[in-house]
**Student:** 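Below you'll find the structure I mean.
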Amino acid sequence: MASPRATFLQEAIDLAAERCPETGSLLVLPEGALINYGARRRAPTSYFNYMPPEVAMFGEEPMLDALKASPPDAIVLVHRETSEYGVPFFGKDYGSRLYAWVRERYRPVKLWSLDPKERPFEPGTRHAIALLEPRK
């Protein structure tokens, strides 16, 4: 008996593995190396986390440049509130250029959430995961 969150996570891992080529890369934002491991897909760059400490330490621009040089074959967005770092949401309060690049080049394919209105990185969301693929 697993919570819906565990089911969502397993389904996201399975679909990411199915939709991303075996030799392809999978980006998980803002964190989720376990998803890469579960899907058996490598990260597209040397950055594994895009949480506030890593973005502050490495800089958003170098992280974005690395993604531009090696775009992922698929992206998994995992809702994560990061208020403990003083910035609540990826893409809004930090990492806005990274997220703008993602939204411009990738489209949602599947959303898992506890409520159909919930989306990753939105206030009030309890849990949401989205799989994105490159726009054609």
Side-chain angles (χ1 to χ4, degrees):
M1 295 188 39
S3 79
R5 292 179 177 128
T7 302
F8 294 163
L9 183 58
Q10 187 60 58
E11 288 177 10
I13 289 169
D14 292 344
L15 189 57
E18 178 184 312
R19 304 287 286 255
C20 183
E22 281 188 35
T23 58
S25 65
L26 176 65
L27 174 65
V28 183
L29 293 172
E31 67 175 345
L34 183 60
I35 294 174
N36 288 89
Y37 178 78
R40 303 295 193 263
R41 300 299 182 268
R42 66 179 175 82
T45 72
S46 61
Y47 304 107
F48 285 93
N49 284 318
Y50 293 78
M51 294 285 286
E54 288 79 14
V55 173
M57 185 177 357
F58 299 117
E60 185 174 5
E61 212 54 45
M63 295 175 100
L64 180 56
D65 289 344
L67 286 173
K68 288 177 181 177
S70 180
D73 294 289
I75 298 175
V76 174
L77 304 177
V78 180
H79 178 74
R80 167 86 158 78
E81 187 175 337
T82 53
S83 295
E84 68 268 27
Y85 298 104
V87 286
F89 296 106
F90 176 82
K92 293 182 179 197
D93 305 299
Y94 75 99
S96 58
R97 289 187 309 265
L98 286 161
Y99 196 39
W101 181 84
V102 166
R103 285 192 321 268
E104 183 179 308
R105 288 163 181 80
Y106 293 81
R107 65 180 181 82
V109 188
K110 175 77 175 164
L111 172 71
W112 296 267
S113 64
L114 296 172
D115 179 315
K117 292 177 254 163
E118 293 183 351
R119 299 286 181 271
F121 320 136
E122 294 289 334
T125 294
R126 294 165 291 159
H127 184 74
I129 299 173
L131 176 66
L132 286 66
E133 290 181 338
R135 294 183 185 276
K136 303 282 187 213

**Student:** Applying side-chain contact (heavy atoms from CB on, under 4.5 Å), run through M63 and Y50 and close with a yes or a no.
**Tutor:** CA-CA 8 Å; M63 295 175 100; Y50 293 78; 3.5 Å; yes

**Student:** Which pair of non-hydrogen atoms, one from A74 and one from L131, has the smallest distance, and what is that distance?
**Tutor:**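 Nearest heavy atoms, A74 then L131: CB-CD1, 4.3 Å.
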
**Student:** Going by ring pair (Phe, Tyr, Trp, His ring centres under 6.0 Å), name the pairs with one or both residues in residues 66-85, residues two or more places apart or in two chains.
**Tutor:**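 Sorted pair list: H79-F89.
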
**Student:** Just how far is it from atom CD of E60 to atom CG of D65, taken to the nearest 0.5 Å?
**Tutor:** 10.5 Å

**Student:** State whether the side chain of T82 and the backbone N or O of V87 hold a donor-acceptor pair below 3.5 Å, judged by distance alone.
**Tutor:**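 Yes, because the side chain of T82 sits within donor-acceptor range (under 3.5 Å) of the backbone of V87.
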
**Student:** Going from CZ on R42 to CG on L27, what distance comes out if it is rounded to the nearest 0.5 angstrom?
**Tutor:** 11.5 Å

**Student:** For the residue pair W101 and K68, what are the closest heavy atoms and their distance?
**Tutor:**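 So the two residues come closest at NE1-CG, 3.5 Å.
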
**Student:** Linking I/L/V/M/F/W/Y whenever any side-chain heavy atoms sit under 4.5 Å apart, do W112 and V28 land together?
**Tutor:**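 W112 and V28: one cluster.
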
**Student:** Within the side chain of R41, is there an N or O that forms a donor-acceptor pair under 3.5 Å with the backbone of P21?
**Tutor:**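 It does hold such a pair.
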
**Student:** Between L111 and V76, is there shared hydrophobic-cluster membership here, with clusters defined by ILVMFWY side-chain heavy atoms closer than 4.5 Å?
**Tutor:** no

**Student:** Step by step, would you call D115 with R126 a side-chain contact (heavy atoms from CB on, under 4.5 Å)?
**Tutor:** CA-CA 9 Å; D115 179 315; R126 294 165 291 159; 3.7 Å; yes

**Student:** Using a cut-off of 6.0 Å, state whether more than 12 heavy atoms not belonging to E61 lie near its atom CD.
**Tutor:**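 Yes, CD of E61 has more than 12 neighbouring heavy atoms, counting only those of other groups under 6.0 Å.
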
**Student:** Under a 4.0 Å threshold between the charged nitrogen and the carboxylate oxygen, would K92 count as salt-bridged to E122?
**Tutor:** yes

**Student:** Under 4.5 Å between side-chain heavy atoms, hopping through other hydrophobics if needed: is there a path connecting L132 to V78?
**Tutor:** no

**Student:** Identify the heavy atoms of A43 and S25 that sit nearest to each other, and give their distance.
**Tutor:**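 For A43 and S25, the tightest heavy-atom pair comes out as C-CB, 4.0 Å.
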
**Student:** For D73 and C20, which heavy atoms make the closest approach, and how far apart are they?
**Tutor:** CB-SG, 3.8 Å

**Student:** Rounded to the nearest 0.5 Å, what's the gap from CD1 on I75 to CZ on R107? Could you check?
**Tutor:** 12.5 Å

**Student:** Does any N or O in the side chain of R97 come within less than 3.5 Å of the main-chain N or O of L64, such that one atom is a donor and the other an acceptor?
**Tutor:** no

**Student:** Quick check for you: to the nearest 0.5 Å, what is the distance between L15 atom CG and K110 atom NZ?
**Tutor:**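 Output value for this atom pair is 8.0 Å.
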
**Student:** Only pairs at least two apart or in different chains count here, so list each ring pair (Phe, Tyr, Trp, His ring centres under 6.0 Å) that has a residue in residues 115-136.
**Tutor:** F8-H127, F90-F121, Y99-F121

**Student:** Provide the closest heavy-atom pair for E84 versus R80 in the form atom of the first, atom of the second, distance.
**Tutor:** OE2-NH1, 2.9 Å

**Student:** Please step through side-chain contact (heavy atoms from CB on, under 4.5 Å) for the pair R105 and R135, ending with a clear verdict.
**Tutor:** CA-CA 6 Å; R105 288 163 181 80; R135 294 183 185 276; 5.9 Å; no

**Student:** Out of curiosity, does F48 fall in the hydrophobic cluster containing M57 (side-chain heavy atoms, cut-off under 4.5 Å, transitive links)?
**Tutor:** no

**Student:** Give the minimum heavy-atom separation between Y94 and P30, together with the two atoms involved.
**Tutor:**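 Looking at all heavy atoms of both residues, the closest pair is OH-CB, 3.5 Å.
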
**Student:** According to a hydrophobic-cluster definition based on side-chain heavy atoms being under 4.5 Å apart (Ile, Leu, Val, Met, Phe, Trp, Tyr only), do L26 and L67 belong together?
**Tutor:** no

**Student:** Can you tell me if S70 uses its side chain to pair, donor with acceptor, with the backbone of T45 under 3.5 Å?
**Tutor:**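 Such a contact is absent between S70 side chain and T45 backbone.
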
